[in-house]
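A short write-up of the structure that comes next.
Each chain gets a letter, A, B and so on, in the order its sequence line appears, and its residues count up from 1.
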Number of protein chains: 2
Amino acid sequence: MENKRELFQVLTRRFGLLNKNCCSIGAVDISSVQSHILYEIDKQTSPSMQQIAEAIAMDITTFSRQIQTLIKMELVKKTPSSADKRVSILSLTVQGKFVATTIDESMNAYLEEVFSHMNEFERETVIRSIKLLNQAMSKSSVCCTPLL
Amino acid sequence: MENKRELFQVLTRRFGLLNKNCCSIGAVDISSVQSHILYEIDKQTSPSMQQIAEAIAMDITTFSRQIQTLIKMELVKKTPSSADKRVSILSLTVQGKFVATTIDESMNAYLEEVFSHMNEFERETVIRSIKLLNQAMSKSSVCCTPLL
DNA sequence: CTAATTACTTGCATAATGCAATTAATTAGA
DNA sequence: TCTAATTAATTGCATTATGCAAGTAATTAG
């Protein structure tokens with residue numbers, strides 16, 4: 001059996017790069033952490049701070065400050081929940097939605113480019129494998145606490 | 001065709017976690033960046049600072065400081081090259097080698113655990129796919145500059 | 001033999017991180 | 001019902017990571 005660590009080390013490194021590149025949209029410059037936040041807010045429906053912070057496995061205090069930054073950048077909006085006044089509901093502003101969508105598109109374009117170096121069969125196999133991996137990791141006890 | 005970004009977003013996130021966990025060995029506590037450095041020094045033969053910094057796509061100034069830290073921790077040694085006195089050759093100390101090996105083992109154990117949630121066929125497929133992905137990324141123009 | 005280049009280090013200035021402690025709102029228990 | 005415990009989120013540090021600009025020392029080019 002091969003050295004899995006080797007494979008993953010390289011893969012992780014490349015992913016990191018892919019993520020780094022992918023986040024400046026015109027004048028707006030976003031860190032990769034922030035892009036994860038936008039992504040997750042976009043995905044969930046009326047999420048609270050806790051929910052997003054947990055989804056991306058980020059310390060709530062750091063998260064709180066990141067949200068403050070994103071609000072200053074006018075990408076995110078915070079609305080107090082009427083049901084529970086302690087809770088803040090997060091949403092994307094129009095601009096935030098635009099940025100999130102643009103990042104999504106450019107990431108997909110990047111990935112298409114990467115996949116263009118494979119034939120159809122390989123593409124299918126790789127996609128299926130990533131799904132398998134995600135599933136396996138979600139079942140794993142050793143990592144990957146942020147379910148989903 | 002599926003949404004690749006979605007898949008990769010999740011995968012990236014999990015990898016990040018996997019990496020975070022895996023780096024405290026007894027009293028020694030290592031950041032995931034530092035573990036990448038140890039890994040790469042261990043792998044290459046008599047590498048210079050530049051070489052390692054480039055391999056992990058890290059700014060040389062940040063790298064320089066990370067190396068200083070690792071030297072204080074007595075995990076890494078810096079030897080001036082006799083051929084070119086500007087160059088520093090990096091190597092692991094005995095303890096550094098031990099830490100690198102231990103991290104490698106525990107990462108592999110983690111990965112084995114993850115892979116234990118698949119059957120033999122799936123395991124093979126996933127491993128092959130990761131290799132394919134790595135290859136494709138290395139061919140890609142959009143990312144992944146740190147070849148290898 | 002001087003000028004340009006290269007390998008690496010330091011001086012900022014900024015951002016990210018997380019623990020401890022705080023505030024405000026909600027829920028539980030006597 | 002009123003106080004105590006819990007919860008959501010924010011702030012106060014203190015630490016670490018990051019990277020550009022500038023510097024030093026060694027090497028190479030012309």
Side-chain angles (χ1 to χ4, degrees), chain A residues 12-13 16-17 19-21 23-24 28-38 40-41 44 46-73 75-91 145-146, chain B residues 12-13 16-17 19-21 23-24 28-38 40-41 44 46-73 75-91 145-146:
Chain A
T12 308
R13 213 174 277 167
L17 288 173
N19 259 312
K20 250 188 206 161
N21 291 341
C23 304
S24 62
V28 188
D29 220 9
I30 295 269
S31 74
S32 105
V33 165
Q34 289 167 341
S35 100
H36 272 268
I37 295 176
L38 294 185
E40 201 62 30
I41 293 178
Q44 296 197 23
S46 310
S48 69
M49 305 261 299
Q50 301 270 357
Q51 276 167 49
I52 302 293
E54 199 188 322
I56 61 181
M58 185 178 230
D59 183 274
I60 187 72
T61 69
T62 305
F63 182 77
S64 172
R65 277 181 266 250
Q66 286 286 3
I67 290 295
Q68 288 170 33
T69 306
L70 289 169
I71 288 174
K72 273 193 204 112
M73 296 169 89
L75 301 176
V76 168
K77 212 174 39 171
K78 214 166 50 176
T79 317
S81 161
S82 52
D84 184 337
K85 287 172 195 163
R86 292 170 303 177
V87 175
S88 290
I89 303 299
L90 298 174
S91 59
T145 344
Chain B
T12 308
R13 213 174 277 167
L17 287 175
N19 259 312
K20 251 188 206 163
N21 290 343
C23 304
S24 61
V28 188
D29 220 10
I30 295 270
S31 76
S32 107
V33 165
Q34 289 167 341
S35 100
H36 272 268
I37 295 175
L38 293 186
E40 202 61 32
I41 293 178
Q44 296 196 25
S46 310
S48 70
M49 305 261 300
Q50 301 270 358
Q51 276 168 46
I52 302 293
E54 199 190 321
I56 61 182
M58 184 179 232
D59 183 275
I60 187 71
T61 71
T62 305
F63 182 76
S64 172
R65 276 181 267 252
Q66 286 285 5
I67 289 295
Q68 288 170 31
T69 306
L70 290 169
I71 288 175
K72 272 192 204 113
M73 296 168 89
L75 301 176
V76 166
K77 214 174 38 171
K78 216 166 51 175
T79 316
S81 161
S82 52
D84 184 336
K85 286 174 196 163
R86 292 170 304 176
V87 174
S88 290
I89 302 298
L90 298 174
S91 58
T145 344

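- Closest non-hydrogen pair, A:Ile30 versus A:Ser35, comes out as CG2-N, 3.5 Å.
- To the nearest 0.5 Å, atom CG of residue B:Asp84 and atom CD1 of residue B:Ile89 are 9.0 Å apart.
- The shortest distance between the side-chain N/O atoms of A:Lys72 and the OP1/OP2 oxygens of C:dA15 is not below 4.0 Å.
- Residue A:Ile60 comes nearest to A:Ala53 through the heavy atom pair CD1-CB, 3.8 Å, listed as atom of the first residue, atom of the second, then distance.
- With A:Phe63 as the fixed residue, the side chain to side chain contact (heavy atoms under 4.5 Å, CB included) test singles out one of A:Glu54, A:Met49, A:Gln50: A:Met49.
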**Item:** Contact pattern, 5' to 3', of nucleotides 19-30 of chain D - B, S or - by protein heavy atom under 4.0 Å
**Value:** BBB----BS---
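- Pair check for C:dA30 finds D:dT1; Watson-Crick or G-U wobble, both atom distances under 3.5 Å.
- When rounded to the nearest whole Å, the span between CD of A:Gln34 and C1' of C:dA15 equals 10 Å.
- Tested against A:Ile52, the residues A:Ile67, A:Val76, A:Ile41 include a single side chain to side chain contact (heavy atoms under 4.5 Å, CB included) partner, A:Ile41.
- Separating the CD1 atom of B:Ile89 from the P atom of C:dA7 is a distance of 12 Å, rounded to the nearest angstrom.
- Contacts of B:Ser91 classified as side-chain contact (heavy atoms from CB on, under 4.5 Å), with partners at least two apart in sequence or in another chain: B:Lys77.
- For the pair B:Ile67 CD1 and C:dC8 P, the computed distance is 10 Å after rounding to whole Å.
- Here C:dA15 presents its P atom at 14 Å from CD1 of A:Ile30, a figure rounded to the nearest Å.
- At distances below 3.5 Å, at least one donor-acceptor pair connects side-chain atoms of A:Thr69 with backbone N or O atoms of A:Arg65.
- Under 4.0 angstrom from either OP1 or OP2 of C:dT6 there lies no side-chain N or O belonging to B:Gln50.
- To the nearest angstrom, P of D:dT11 lies 13 Å from CD1 of A:Ile60.
- Contacts of A:Thr69 with the nucleic acid, taken as non-hydrogen atoms under 4.0 Å apart, are absent.
- If you take NZ of B:Lys78 and C1' of C:dC8, they are 8 Å apart, rounded to a whole angstrom.
- Side-chain nitrogen and oxygen atoms of B:Gln68 include at least one within less than 4.0 Å of the OP1 or OP2 phosphate oxygen of C:dT10.
- D:dT10 atom C1' lies 8 Å from atom CE of A:Met49, rounded to whole Å.
- Between C:dA15 and A:Gln66, no contact under 4.0 Å exists linking OP1 or OP2 to a side-chain N or O.
- We find that CD of A:Gln51 is positioned 14 Å from C1' of D:dA9, with the value rounded to whole Å.
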